Every structure is written in C-alpha cells, then in structure tokens.
*Asks:* 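A single structure is presented below for examination.
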Amino acid sequence: MPVLEIDNIRKSFGKTEVLKGISFSLNKGEVLSIIGSSGSGKTTLLRCLNFLEFADSGTISVNGETIFDGENAKKLTDSEIRQNRLHFGLVFQSFNLFPQYSVLKNVMLAPTLLKRGTAEEIESKARALIDRVGLTEKSANYPCQLSGGQQQRVAIARALALEPDILCFDEPTSALDPELTGEVLKVIKGLKNTDSTMIVVTHEMEFAKNVSDKVLFMADGVVEEYGTPEEVFGNPKSEKTKSFLNKSLEAF
Amino acid sequence: MVSVVFKALCEGFIVTLQIFGLTLLGALPLGLIIAFGSMSRFLPLKALVKTIVWIIRGTPLMLQLIVIYYGPGLVFGNNVWGGGNGRMTAVLVAFIINYSCYFSEIYRGGIESISKGQSEAGQVLGMTKSQIFFKIILLQVVKRIIPPMSNEIITLVKDTSLARIIAVYELIWAGQSFIKGAGIIWPLFCTAIFYLAFCGILTILFGFIEKKLNYFS
Ligand SMILES: Nc1ncnc2c1ncn2[C@@H]1O[C@H](COP(=O)(O)OP(=O)(O)OP(=O)(O)O)[C@@H](O)[C@H]1O
Ligand SMILES: [Mg+2]
C-alpha cells in the first residue's frame, strides 16, 4: 500500500488556476524529486500537503486514510488540521528557525509542546538528531551564529523530531552559497537509508538523478512526466520535459 | 524653605509616578488587544478599531482629558467622577485610552514585521495559534518594539503633567503652587530635576533590556 496518495488536487488563487489536477502516489521509503520551472506550482503543492493552503478539490490519503477531501475541507476543525499536518514535515527554502532559541531548543520545542514524552526523552532524542545532521558542537548556539547550511541542517533535525510519515523539502539549498549546498544534500541523502519517505522540490538535477527513486516534472500546474530517474532523464516522453531538461543542462 | 519645597515636590512626584505606573499597567495589555482588533479579519471590528485609534491619535490628549472629565457631567447633569479620587480616575481613563492606542500601533508594526515564515514553521510543527504567538512571535516582537516603546514611555513621563489641567496635584502643580503661595518661581524650575532623573533611570533600564535581548537577531 502506498504511504501517500494524491488524487486530482486543484488549487486556484483568485482566477489563476495554479494546480490543475495533480495525482501521484508514493511508496514508503521512497524519495521523490519534483522538478519544474519557476511558477509551475511546486511550492503550492507542498503547501497544500502541509495544510498551509487548502486545495479546492481532490483528496490526500496517508497510509490508506483520507486526511483531506476538497469536498468537506471547510468542516475540518483547527485541531483536526493540526493532527493531519503531523503526517507531514516541511523544510523551508528560508530555514525559518526560531531565532530566540538555541539549536537544541529549536529541535525540542515542538515535541515539548506536543507532549511527545518526558523532558529527558525529548532532549536525548533531539541530541541524537543533531548528531545525525552533524552539528553536535553547535547545539548550544543560536541560529544567528550558524552558516546557512548549518541552519538548514537544524531545520531538518527540527522537522524530523516529530517523526513525520513524509518529509517535504522546498528547494532546501537554493538560498545557500554553492559550496554549502553539498553538506545539506548529503544530510538529505543520508536520510534515505532510514526509510523516511521524502518529497524534495529541487533545481539540483544531479541530486534528482542520483538520489531519488521517482522524479516528477511539473509544468503549468500539471504532472507532465512521472517515473524513475532513468525514465524521466533518460527517455522523456513529453516535449516540454525534453526542452526543460535541455535548458537546465545548458545552465551548467 | 528648601525642605518644605522638597517635601511638596516629592508629594507631587508620587502622584506623577502613580499616573505613570497605572497608565502603563492598563495601556500595555489593552494596547495589545487593540492591536489584534486592528489586524482582525472581521472587517467591521477592524474598521471600528481603526476609527477609534484615528480619533484618539488625531486629537490632543489635553482635550481628551477635559472631555472625559467634564463630558459625562454635561450629559448626566452631575459630576460622575466625584471629587479628589474621581479626578485621578478620570486622568487614568484618559491616559490609558490614549496610550493604548499609541501602543497598539507599535505592537501592530512589530507583529507585522515578523516574517510569515515564523508562524508557518510553527504551524507545520503542529503548534496551536496561541503557542505560536506566545512561544515564537512574542519575544521577537518585544525585541523589535523596545526602541519605539521606550520613546513612547518616556513621552508618557512628561505627559503626566497634563493631569494638572483637571486639577490633579501632580509634580508641575506642586512646583507651581509656590508662585501664588510664596511668590517664588524656583520650585517650578526644580521639577525638571525629577523628570530628568526619572527619564534617565528609564533610559538605562531600556538599554539594559535591549542588551539582554541582543543574544539573537
Ligand atoms: N498566495 C498566493 N496568492 C496568489 N498567487 C499565488 C500565491 N502563491 C502562489 N501564487 C502563484 O502561483 C503560481 C505558482 O507558484 P509556486 O510558488 O507554487 O511556484 P513554484 O513552482 O514553487 O516556483 P519557484 O520555482 O519559483 O519556487 C505562481 O504564478 C504564483 O504567482
Ligand atoms: Mg517555490
């Protein structure tokens, strides 16, 4: 059974339809890269999954349970929305760490507020996550004392602390200097072996090609191409995909 | 003479301090409530609050004091506020309304200056609206509004002298009373020392808080 099933998600802002019926499914432990040109709706899709926006229609199911249905989205209470959100985690392009808390506190805050165990349990788990993203020495530092790459790794640890079923990344490296993207991508790659399911919106074609199990090419709010990296990069079916791939290869 | 003057000025200064302290006590929380009103998505409430803030900020505090103290009497035909303590109550009502409107705009500016990403990060982590406000947003707002707040609070120290207009015995009146009573003007000049010293202390205090919050940015 797929961990995530998305069926015919549509979303408009005013008169502009940004998502025009997105459907795909993802198995547990798979890494999906979403590629596509600017404005194609990638961020909007992730925001719909995380309930920061509400799709106008379509359904989202996690582990076979429908957690969102455009038909009765209005009826969801605040606490149901919060509950549903916890199936997903989101790592933002701009990190959005909480500046007044140390690295350790940033990771501990949500599990503490959500009462996910005793203070000791939460702390030792947070420290383990900080180790995993390679920031053991920085756990007492504040976000303003860290490089962009380090901040993004903290953001990843913070998202992992709630053990989401599916972790989403929205261009996690595009706010970083080129020499810092590597360390963040390495951490994401490292998560792959821990059977976390991940959705990564990215412009890093090498990452999409080498790390992901599935690649989804989005254009103008529709799924233009979906398949394994070999299929999408090696043998694209649609003209749009071909020209997008050519353009992004030229850029390098 | 000097000790008589000093004693009188101290008495006046205590009233000044009372106006100052009680105004802050009322206006700091009320300002936050007004700020939420002016950011409300319920448009009639938002319009109402914005109109009130416009009226209060658009007219002199001195006029508001007079209207609040004498106005009810004109309508109800007797002095609603009563004598001695009533004047003080009227002063506090006027000051708290006036200052909470100014504070509300400072709060609003502060809250709106925090990037949306902060509250979205909290939402994605399953926090409730109040957890997001109190655990994430509030301290960042406090840090940002300390400079404009300290400005406004130091203005309040000197605005307390307006209470004299409805015959509340505060510092200025205490000094001024010696002109009529004893024919001397220097006690009035000496009131400046009290204002200066108090504002000096507040400046140091705000500087200290600002430094305390310097650990993040
Ligand atoms: N809140 C909003 N209100 C109105 N329009 C919006 C809103 N959010 C996004 N859009 C529009 O939706 C379209 C898709 O935006 P989205 O951010 O999802 O694109 P994207 O694929 O993530 O692009 P990029 O690669 O530049 O991040 C854009 O045309 C954008 O202007
Ligand atoms: Mg985007």
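Atoms considered below: every heavy atom in the structure, side chains included; atoms not considered: hydrogens, waters and symmetry mates. Fair warning: this is a prediction, and the values are worked out from it, not measured in the lab. Each chain gets a letter, A, B and so on, in the order the sequences are listed, and its residues count up from 1.
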*Asks:* Kindly give the heavy-atom pair with the smallest separation between A:L109 and B:M127, and that separation in Å.
*Replies:*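 Minimum heavy-atom contact is CD2-CE, 3.6 Å.
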*Asks:* With a 4.5 angstrom heavy-atom cut-off, is it the side chain or the backbone of A:L52 that approaches chain B, or both, or neither?
*Replies:*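 Interface part for A:L52: side chain.
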*Asks:* Quick check on A:F51 against chain B: is it the side chain, the backbone, both or neither that has a heavy atom closer than 4.5 Å?
*Replies:*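 No part of it gets close to chain B.
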*Asks:* Closest approach of B:S217 and A:P99, non-hydrogen atoms and distance?
*Replies:*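 Minimum heavy-atom contact is O-CB, 3.3 Å.
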*Asks:* Let's test your reading of the structure: which of B:L213, B:I136, B:L139 forms the most heavy-atom pairs below 4.5 Å with chain A?
*Replies:*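 Most heavy-atom pairs within the cutoff with chain A belong to B:I136.
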*Asks:* So among A:R82, A:R158, A:R85, which one has a side chain to side chain contact (heavy atoms under 4.5 Å, CB included) with B:L125?
*Replies:*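 Running side chain to side chain contact (heavy atoms under 4.5 Å, CB included) over A:R82, A:R158, A:R85 with B:L125 returns exactly one hit, A:R158.
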*Asks:* With a 4.5 angstrom heavy-atom cut-off, could you sort out which part of B:E120 is near chain A: side chain, backbone, both or neither?
*Replies:*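 Both backbone and side chain.
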*Asks:* With a cut-off of 6.0 Å (strictly less than), are more than 12 heavy atoms of other residues, nucleotides or ligands near OH of B:Y215?
*Replies:*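 Above 12, so yes.
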*Asks:* Check whether more than 12 heavy atoms from other residues, nucleotides or ligands sit under 6.0 Å from atom NZ of B:K50, and answer yes or no.
*Replies:*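 Count over threshold, so yes.
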*Asks:* Checking heavy atoms, do the side chain of A:F98, its backbone, both or neither come under 4.5 Å from chain B?
*Replies:*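 For A:F98, heavy atoms of backbone and side chain both lie under 4.5 Å from chain B.
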*Asks:* Below 4.5 Å from any heavy atom of chain A, which atoms of B:K135 appear? Answer side chain, backbone, both or neither.
*Replies:*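 Interface part for B:K135: both.
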*Asks:* Surrounding NZ of A:K105 (heavy atoms of other residues, nucleotides or ligands, distance under 6.0 Å), is the total greater than 12?
*Replies:*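 Open.
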*Asks:* Is A:I81 close to chain B through its backbone or its side chain, or both, or neither, when contacts mean heavy atoms under 4.5 Å?
*Replies:*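 Looking at A:I81, nothing touches chain B.
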*Asks:* Quick check on the interface: out of B:K129, B:Q131, B:K143, who has the most heavy-atom pairs with chain A under 4.5 Å?
*Replies:*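 Option with the greatest count: B:Q131.
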*Asks:* Is the CZ atom of A:F13 crowded by more than 12 outside heavy atoms at less than 6.0 Å?
*Replies:*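 It does: A:F13 CZ has more than 12 such atoms within range.
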*Asks:* Might you point out which heavy atoms bring A:G89 and B:V124 nearest each other, and give the distance in Å?
*Replies:*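 In terms of heavy atoms, the two residues are closest at C-CG1, 4.3 Å.
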*Asks:* Which bit of A:L86 is near chain B, if near means a heavy-atom gap under 4.5 Å: side chain, backbone, both or neither?
*Replies:*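 Side chain of A:L86 only, per the 4.5 Å heavy-atom cut-off to chain B.
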